[in-house]
Structure formats: structure tokens, C-alpha cells
2 protein chains.
Amino acid sequence: MTARRTGLREQKKQATRQALREAALRLALERGPDNVRVDDIAEAAGVSPRTYNNYFSSREEAIVAAVTAERESRVAAAIAARPDGVRLADAVADAVVEQYTDPGTRQGDALVLITTRPALREAFVDAAARVEEPLTDAIAARICDRDRDAARVLAASVAAAIRIALDRWTSGTAGAPAVPGGLVVPSGPLPDLLRAALAPLAPALNAAEERAAARD
Amino acid sequence: MTARRTGLREQKKQATRQALREAALRLALERGPDNVRVDDIAEAAGVSPRTYNNYFSSREEAIVAAVTAERESRVAAAIAARPDGVRLADAVADAVVEQYTDPGTRQGDALVLITTRPALREAFVDAAARVEEPLTDAIAARICDRDRDAARVLAASVAAAIRIALDRWTSGTAGAPAVPGGLVVPSGPLPDLLRAALAPLAPALNAAEERAAARD
DNA sequence: TACAAAAAGTGCGCGTACGCAAATTTGCGC
DNA sequence: GCGCAAATTTGCGTACGCGCACTTTTTGTA
């Protein structure tokens with residue numbers, strides 16, 4: 001179901017997409033994001049400028065995608081991986097924290113770049129919206145596949161909470177002084193911010209779960 | 001607090017904004033949205049094209065704003081107007097339904113226009129995100145002004161629910177046959193869609209309210 | 001292997017979005 | 001009234017986003 005489309009086609013497509021976002025990030029780091037034209041990225045990735053816009057609808061999107069990558073869809077997988085015993089709210093919170101923490105975000109240089117430029121920051125924060133779709137499936141599966149509409153609302157709410165946490169994280173970062181170690185981006189509070197943002201939604205998530213259980 | 005800025009300045013600004021969105025809608029209705037250039041709207045409103053983009057960051061935004069207007073901020077006011085006795089979830093649902101129903105949306109012609117063109121539909125649906133800020137204030141006031149962070153998450157969740165309801169409404173509309181009366185847009189189900197979308201969030205809203213009450 | 005259908009890549013052209021700096025307008029104290 | 005500082009408007013130039021039609025590549029089938 002993942003690689004439904006035949007094979008070589010989809011394979012090359014993903015390769016091109018990856019080449020584009022890596023080229024975008026590399027060039028942005030090398031010369032600063034303001035000195036990178038779309039044409040440069042396309043050329044570096046070996047495709048035409050027009051093709052670039054078939055993959056990304058803005059310059060910022062490609063750069064951010066290099067850091068974000070497939071994180072959004074992994075959140076859904078992480079939730080599905082949790083045992084059925086744990087409460088839905090906990091499963092979601094743990095999965096989100098797990099996926100939005102270090103492993104995927106270890107690109108320190110890229111993050112300072114993103115948090116510095118407002119346009120990139122906005123694109124980075126807005127990228128959280130992409131969890132909605134996979135998350136809808138994951139939550140729908142937990143609440144027994146009924147009431148997909150409720151699952152979508154809950155997923156969108158979780159996405160909004162993540163967005164708020166990231167917004168706070170990246171903006172609070174700007175004002176905060178660099179830690180002695182030399183890192184400008186304090187990665188410490190992010191898990192806390194995520195959990196705090198998700199906490200208010202816990203009653204809704206658990207209630208949906210209970211409602212589903214009561215029906216069976 | 002509403003008209004904080006001196007007076008004549010802000011007044012003219014609002015006048016210009018209104019002139020722009022009304023011109024945008026009028027021209028779009030007259031010749032179809034694809035035959036309206038930004039220059040035309042600016043000229044009709046008596047400002048330069050560049051000024052247009054000081055007020056709206058896309059062509060769709062102005063057209064949609066003519067319908068949306070100040071609805072988002074009125075939702076917050078409507079919530080504040082509810083007596084303290086009613087549960088927060090009910091107050092929110094009632095206020096949202098009240099504001100997103102007929103009075104402001106009676107522009108039938110404009111709505112068929114918007115639901116027809118994908119770009120306008122998207123702009124219309126995304127406009128719901130503008131409730132987040134005023135709604136945050138309204139909810140924060142209800143939960144005793146503490147924990148503004150939770151209020152923001154809840155407000156963003158409500159905004160997401162509204163967005164989903166509008167999305168369903170405008171898309172479902174496209175496929176539905178015109179009612180005998182001649183109207184293509186069935187305004188009937190919108191309140192139902194809104195309530196259904198908001199329902200899953202009720203536990204979270206009420207829990208926040210109770211938590212605040214328990215602290216006092 | 002050959003071939004037709006489908007899908008991805010490409011070039012072109014138009015209209016848009018926005019940074020920048022000059023010009024104009026507004027608000028306020030005197 | 002007068003003039004100055006701040007805010008707003010405007011023109012210009014650049015780069016971007018994307019629809020469209022066309023070319024190239026991949027896929028499934030005979």
C-alpha cells in the first residue's frame with residue numbers, strides 16, 4: 001500500500017524529490033538563503049526550474065522539507081506501534097514527542113538557519129499541518145475505524161497543538177542566549193513544549209476512545 | 001481598545017480595505033474571477049496596485065474577505081456574551097453556529113462563486129484560521145485568564161474543526177444537485193456540520209473549564 | 001520486441017508577490 | 001496656521017508560481 005505505484009516511476013520521483021530538497025538545504029547553508037534562486041536549486045539537482053515547482057510550491061518548502069522529511073507520516077506509524085493497552089492520549093503524546101525529537105532534528109546548522117529567517121520559520125511551523133492526514137488514519141484505527149470525521153477533527157487539533165509548540169520553540173529560541181556549549185538552539189524544552197501543548201487535548205482523545213469502546 | 005490608533009488614519013485605512021474587498025467581489029461577480037486582474041481591483045478602489053498588496057497578500061484573499069469580513073472576531077464577542085452558567089463547549093458551539101450561519105453568509109451569489117473555483121474555496125476555508133487569535137482571548141477569559149497556552153491550543157483546535165466543517169460543506173456542495181428553489185448552495189447542513197465537527201472537542205473544552213473552576 | 005497509453009519533464013508566457021527607497025499624506029505640539 | 005516626525009502610498013525591479021501545450025520517458029500489453 002505504501003509503494004502502490006508501479007516501481008521505477010515512483011522510485012525516480014522520490015529520488016528527484018530528495019535531490020531537490022538536499023540541494024536546497026546545502027545551497028542555503030553555503031551561501032545563505034537569500035542568495036539561492038530556484039534556478040540554482042534546480043540546476044544543482046539536475047532538473048529544469050519548471051520541474052522544481054512540480055515538487056515544491058515555494059522556495060522555502062524545499063529547504064524545510066530537507067529537515068522535516070517524512071517525519072509526519074512516521075508519527076502515524078509510531079502511534080500504530082503502541083500497544084492497545086495505553087490510553088490514546090498517551091500514545092499520541094509519546095509518539096509525537098518521539099518523532100519530533102532529536103533523531104530527525106539533529107541538523108543543528110539547518111535549524112539555526114530556519115529559526116533565523118522568518119519566512120523559513122513560518123514554513124517550518126506550517127509543515128506540521130502535514131500530520132493531519134496520516135494522523136487521521138492512525139486515530140481512526142484506534143477508535144475502531146468508525147466516526148472518521150471525529151478522528152479527523154482530533155488529528156487536526158493535534159496538528160494545531162504541534163504547530164503551536166513549534167512556533168513557541170522557534171520564536172523563544174530567537175530571544176534566548178546561546179548556551180555555553182556553543183549551540184544556539186536549545187533542544188531541551190521541545191519535548192516539554194509538545195507535551196504541554198498536547199495536554200489540553202487529552203480529555204477529547206480519551207473520550208473518543210472510550211466512546212468507541214462503549215459501542216463494542 | 002478597538003480603535004486604538006488615533007482616528008482619521010485608522011479610519012481611512014479601514015475604508016480603503018473595505019473599498020478593496022468590495023471592488024474585488026463586485027468585479028469577480030461581474031466578469032468571473034479569472035477575468036479580474038489585481039490592477040483592475042486597485043483601480044476600482046482608487047489605489048495603486050502596490051497598495052493592494054499592502055492590504056491583501058493574494059487576489060483570492062480580498063474576494064473572500066468581502067464575505068468573511070469581521071466574522072472571526074465576532075465569534076469571540078459572541079462567546080463572551082454567553083452567560084457564565086452554560087458550559088464552555090456549548091457556549092463555543094452556539095457562538096460558532098450563530099456567527100457562521102445565514103446573516104453574514106446571505107451573499108448567495110458570492111458563495112456559488114467561491115465554492116466553484118478551487119483557489120477561492122481554499123482561501124475561504126483557510127480564512128477560518130483567523131478565529132484563533134480572538135478565540136484565544138475569549139476562551140482564556142472563560143477559564144479565568146490562567147493558562148493562556150491551553151486556551152490557545154483549544155482555540156486552534158476549534159478553528160481546525162471549523163475549517164473541516166467548511167471544507168466538507170463547500171466540497172459536498174459541488175456534487176450536490178441544485179435544490180428545486182434554484183439555489184445551488186444548500187445552506188441547511190452547515191450548522192449540523194459545525195456542531196458535528198465541534199462535538200469531539202467538547203470534552204477538552206469542558207475539562208479545561210472544570211480545571212479552572214477547581215483552582216478557585 | 002513493438003507499440004500505444006500514461007505519466008513525468010520541459011519551455012514559454014503571464015500575472016502575481018514583495019523588498020526597497022522616494023514621494024506623499026497625516027497627526028501633533030507649538 | 002506651521003512645521004516636523006511618523007505613517008502610508010507609490011513606482012520600480014526582481015523573482016516566483018503555475019497553466020498550458022509539447023516532448024521525453026516509463027509501463028503494460030499484444
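Note that the structure is predicted; figures quoted are calculated from it, not measured. Every chain is numbered from 1, with letters handed out A, B, ... down the list of sequences. Because only heavy atoms are used, hydrogens play no part in the values below, and waters and symmetry mates are left out as well, while side chains stay in.
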Q: With the side chain counted from C-beta on, respond yes when Val158(B) and Val131(B) share a heavy-atom pair under 4.5 Å apart, and no when they do not.
A: no
(Q) Tell me the interatomic distance from Gln14(B), atom CD, to dT26(C), atom P, rounded to whole angstroms. (A) 16 Å
(Q) Please give me every residue in residues 15-32 of chain B whose heavy atoms get under 4.0 Å of an atom in DNA chain C, ordered by residue number. (A) none
Would you list the protein and nucleotides 14-16 of chain D atom pairs, both N or O, that sit under 3.5 Å from each other?
{"residue": "dA15(D)", "atom": "OP1", "partner": "Arg37(A)", "partner atom": "NE", "Å": "3.3"}
{"residue": "dC16(D)", "atom": "OP1", "partner": "Val38(A)", "partner atom": "N", "Å": "3.2"}

(Q) Are Leu154(A) and Val92(A) packed together at the side-chain level, in the sense that at least one heavy-atom pair is separated by less than 4.5 angstrom? (A) no
Q) Does any non-hydrogen side-chain atom of Phe124(A) lie less than 4.5 Å from one of Leu120(A)? A) no
Q: Please tell me which of the listed nucleotides, dT10(C), dG11(D), dT9(D), lies nearest to the side chain of Thr51(B)?
A: dT9(D)
Q: Take atom NZ of Lys12(B) and atom P of dT8(D), then tell me their distance rounded to the nearest Å.
A: 12 Å
Q) Just checking, is any N or O donor in the side chain of Ser57(B) or Glu61(B) under 3.5 Å from an acceptor N or O on the other one? A) yes
(Q) Rounding to an integer number of Å, can you tell me how far Tyr52(A) OH sits from dG11(C) C1'? (A) 19 Å
Q.
Rounded to whole Å, how long is the line connecting atom CD of Gln11(A) with atom C1' of dT26(D)?
A. 13 Å
Q: Please check if the side chain of Arg168(A) supplies one atom and the backbone of Asp149(B) the other of a donor-acceptor pair under 3.5 Å.
A: no
Q) Got a donor-acceptor pair under 3.5 Å from the side chain of Arg50(A) to the base of dG19(D)? A) yes
Q. When the distance from CZ of Arg117(B) to C1' of dG19(D) is rounded to whole Å, what number comes out?
A. 14 Å
Q. Is it true that a side-chain atom of Tyr100(A) and a backbone atom of Leu166(A) form a donor plus acceptor pair closer than 3.5 Å?
A. no
Q) When we call it a touch if two heavy atoms are under 4.0 Å apart, what does Tyr55(B) touch: a base, just sugar-phosphate, or nothing? A) sugar-phosphate
Q. Given atom CD of Glu10(A) and atom P of dA8(C), what is their separation to the nearest angstrom?
A. 7 Å
Q: Test the Arg17(B)-Phe56(B) pair against the cation-pi criterion, namely NZ or CZ under 6.0 angstrom from the six-membered ring centroid and within 45° of the ring axis.
A: yes
Q. Checking Thr51(B) side chain against Val47(B) main chain: does a donor-acceptor pair fall under 3.5 Å?
A. no
Q. Residues two or more places apart in sequence or in another chain: which of them pass salt bridge (Lys or Arg N to Asp or Glu O under 4.0 Å) with Arg37(B)?
A. none
Q.
Just the rounded figure in Å: distance from C1' of dC20(D) to CG of Asp34(B).
A. 14 Å
